[in-house]
There are 4 protein chains.
Amino acid sequence: MSAPSARRSRPSARRERSEKARAALFEAAARVVGRHGYAGASVARITAAARMAQGSFYTYFPSRQALLDELLPKLGEEMLAHIAAAVSGAGDEIAREERRFRAFFEFLQRRPAFFRILHEAEFFAPRGFRRHIENIAADYRRALDRARARGALAHFTEAEVEPLVFLLMAARSYTSMRYAYAPGGKVRPPPEELVSAYLKLLRQGLDPPAASAES
Amino acid sequence: MSAPSARRSRPSARRERSEKARAALFEAAARVVGRHGYAGASVARITAAARMAQGSFYTYFPSRQALLDELLPKLGEEMLAHIAAAVSGAGDEIAREERRFRAFFEFLQRRPAFFRILHEAEFFAPRGFRRHIENIAADYRRALDRARARGALAHFTEAEVEPLVFLLMAARSYTSMRYAYAPGGKVRPPPEELVSAYLKLLRQGLDPPAASAES
Amino acid sequence: MSAPSARRSRPSARRERSEKARAALFEAAARVVGRHGYAGASVARITAAARMAQGSFYTYFPSRQALLDELLPKLGEEMLAHIAAAVSGAGDEIAREERRFRAFFEFLQRRPAFFRILHEAEFFAPRGFRRHIENIAADYRRALDRARARGALAHFTEAEVEPLVFLLMAARSYTSMRYAYAPGGKVRPPPEELVSAYLKLLRQGLDPPAASAES
Amino acid sequence: MSAPSARRSRPSARRERSEKARAALFEAAARVVGRHGYAGASVARITAAARMAQGSFYTYFPSRQALLDELLPKLGEEMLAHIAAAVSGAGDEIAREERRFRAFFEFLQRRPAFFRILHEAEFFAPRGFRRHIENIAADYRRALDRARARGALAHFTEAEVEPLVFLLMAARSYTSMRYAYAPGGKVRPPPEELVSAYLKLLRQGLDPPAASAES
DNA sequence: AATGAATGAGGATTCATTCAT
DNA sequence: TATGAATGAATCCTCATTCAT
């Protein structure tokens, strides 16, 4: 009764359409979360933004949470790429960290939705958040390991590298909440005092060497 | 139109009972948020935990949000007191910061609910979160100003002190998410590597002075 | 164990205090209904306006509804008095009705709360509304009966007098909703066209006598 | 991205079912308001009467109020149609008004719920009430303008026509409260004395021409 | 595969009335 | 008698998910 090839298109074409729809949902979700937060990212809103029927959502994702949990890791990769590009070719490790720090804020500005997605994910998309943190931390870890191979960070033990990674991540993530976010979803560049304070901390610690020598 | 005081029970007795009920709601809310998060802290659950009728809630708080917003600042003061006690009498500024850092983690362990209350507040009780951050930052700020008066932190400019405050707050807050939280609401002490890495960073920065000189 | 006369004041003094409190609640209720409508006239608001504890309300009235039901009849008597004063000494029955009509609108302006109390009572205080209507109608009825005794309204049968009463009440009550109410609880005087149209209707009916003769 | 029409049931089938559900809610609401009043017309009751889940309500109406506000204008059009049919072909303007007056009461009897819906709407569905009043008044206005074009109502000025409209509306609306409503939601026909008194008023005013001349 | 209507549990809040003090 | 805290039923609305078409 049915004529298979006539009735439906080639499997690959189907696959393609499917991928497109998934991607559209992603895009829509990012926009919606950026504007309304995870809590406001109802399936209704997301599908509306993707110009799709509400029910169709469940063809592409098993649940609302599943999509939300993929959101951050996906954008996180963009962020990593952006930072990697910024770092390439910099001088000593602190110069490289400065590039990373600034690049992080640049990325926030370029992709303002990312700010909200990143910061809310911890509670609204915890699986996604963890995956993202692991991705970023692993990347950072590789960078610091290479730095150590080059002789830098010499006074930190092997076991201290991971904590160090989180301390550096802390610096940019936490301060971005304080210094980058402006009402209305706007994202500002970091004030220079923040960058310089950070760099001084990285170069010499809390106190100048002389002071530490005397103590 | 008003009656002599002998005619009805001391107003103070009522006041007292009232205070008790309010306090019970606070306690209950802290417990509930600790276990279920802010999102799960429905008025129904909170009043049930306080063994009280749902409607009674509104005798003590104008809204659910109002209570939730008071939660963190209140516990934050406890935290501040705990840290202040721990710091008193320590040596140089870095030793003091070590005490603060450790005391922060101690407090998390003593008051496991605080961990969740602190970290979720940013999104579920933003007013309370901001008040808390301001309280903590102001306190920190005073500490660093005193340190500078004693000659420490000499290479930071006046304008860099506030950023520095947030960098220090970042260190403990962000790493606690990674190192202190264990599933089931358990809170662990920080690994020694975290503390030592932090202290090295504060003493000498990323690279030992010699190394940085040579690079 | 008790010394009666020392402990409490004379019964009449008590009665007096009690009356005062009741009156205060009335006043308060009228104010509150005027501003917030019956629906917004919660016991809490009324007692607050009367500077009294919520619970005390039930010493003076068996229920919220009981007070609300007394409100309109009470104010209605004031209104009757006002209208009666205005009518006294006027000429023919239509001149008298003009006085009543205008006096009704004057009263609404003098007592703006009355407007709302009157119009909402039908649904929120139906017993009070019915009592009020009966009072007004009975008064009107007496006036028309006297008019008939003077030879006016000669073409109406005895049985048509009551309907007539309601037709006259209709005119002022219904048109006040349309022409007297202004947003913000303000009450305006009736436009002259309303009064003149009404009087023409009363003097000659819809069509001038000549016209009706010709038809 | 959209599918051929053969693939799923005709959209019209869905549309139809949807219309049916909306209509069912209307019907249910009219019944419920008729019996319990607007205040008792909870979404729970309405949906129960329409044999539908509570949540489904919001597929068809954005809010409870939105439905309630549509109720009266909708029924009002039915009423207008009923009255228009009754009036057609009557003689002079007063004969026509008699037809309208009687038709109004007939409609109340045919649709007993309308009585309550009409009278409570002023406070519980004010937007709907205003729309309804405007509809009715506009219709009336057209009728009187036509009458004037035919030479009737000659002694009223242009500016007095609108007030006149409201005086006529007043007559039927207000007296229906008194004469048509019976406990239990029953609606009675108007007593003949009401009709005759009304007509005498319209034909000759309060006093017969002779009497008024003599006074 | 796509649609969008249907579901129903769950949540915050209000308020008349009761009651212990 | 006066107080004001306590009660708990009732209400509107949201939304993830399911399901018939």
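What you see is a predicted model; the values in this text were computed from it and never measured. Numbers restart at 1 for each chain; the letters A, B, ... are given by sequence-line order, proteins then strands.
The aromatic rings of C:F124 and D:F124 are tilted relative to each other, their planes meeting at an angle between 30° and 60°.
Taking every side-chain heavy atom of A:M52 into account, E:dT3 is the closest of E:dT3, F:dC12, E:dA16. Among E:dA12, E:dA2, F:dA5, the nucleotide with an atom closest to any side-chain atom of B:R64 is E:dA12. Closest to the side chain of D:Y58, from the set E:dA2, F:dT17, F:dC12, is F:dC12. Of the candidate nucleotides F:dC15, E:dA1, F:dT17, F:dT17 has the atom lying nearest to any side-chain atom of A:V43. Side-chain atoms of B:S42 lie closest to E:dG11 of the nucleotides E:dG11, E:dA5, F:dT11.
With sequence neighbours left out, the side chain to side chain donor-acceptor pair (under 3.5 Å) criterion links D:R22 to D:E70. Residues passing the ring pair (Phe, Tyr, Trp, His ring centres under 6.0 Å) test with D:F26, sequence neighbours excluded: D:F61. Annotation: ring pair (Phe, Tyr, Trp, His ring centres under 6.0 Å) contacts of B:F114 (sequence neighbours excluded): B:F107.
Remark: nothing in residues 17-31 of chain B comes within less than 4.0 Å of DNA chain E through any heavy atom.
What separates NE2 of A:H36 from C1' of F:dC15 is a distance of 15 Å, to the nearest Å. The CD1 atom of D:I46 sits 11 Å away from the P atom of F:dC13 (whole-angstrom rounding). In this structure, the CZ atom of D:F124 is 16 Å from the C1' atom of F:dC12, given to the nearest Å. For the pair A:Y38 OH and F:dA16 C1', the computed distance is 18 Å after rounding to whole Å.
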DNA chain F base-pair string [pairs: Watson-Crick or G-U under 3.5 Å; |: paired with another strand]: .||||||||||||||||||||
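With the nearest nucleotide of DNA chain E identified for both B:P62 and A:Y60, A:Y60 has the one nearer the 5' end. Position along DNA chain E of the nearest nucleotide to C:Q65 versus B:R45 favours B:R45 as the more 5'-ward residue. For the pair D:G40 and A:A41, nearest-nucleotide mapping onto DNA chain F gives the more 5' position to D:G40.
Among the protein residues, B:F61 comes within range of no part of the nucleic acid, since none of its heavy atoms lies under 4.0 Å from any strand. Residue contacts for D:F57: at a heavy-atom cut-off of 4.0 Å it reaches no nucleic acid atom on any strand shown.
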Protein and nucleotides 8-10 of chain E: nitrogen or oxygen contacts under 3.5 angstrom:
| from | atom 1 | to | atom 2 | distance (Å) |
| --- | --- | --- | --- | --- |
| E:dG8 | N7 | D:G55 | N | 3.3 |

Side chain to side chain contact (heavy atoms under 4.5 Å, CB included) evaluation trace for D:F57 with D:L67: CA-CA 10 Å; D:F57 184 94; D:L67 163 62; 3.5 Å; yes
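Side-chain N or O atoms of B:T47 include one that pairs as donor or acceptor with a backbone N or O of B:V43 at under 3.5 Å.
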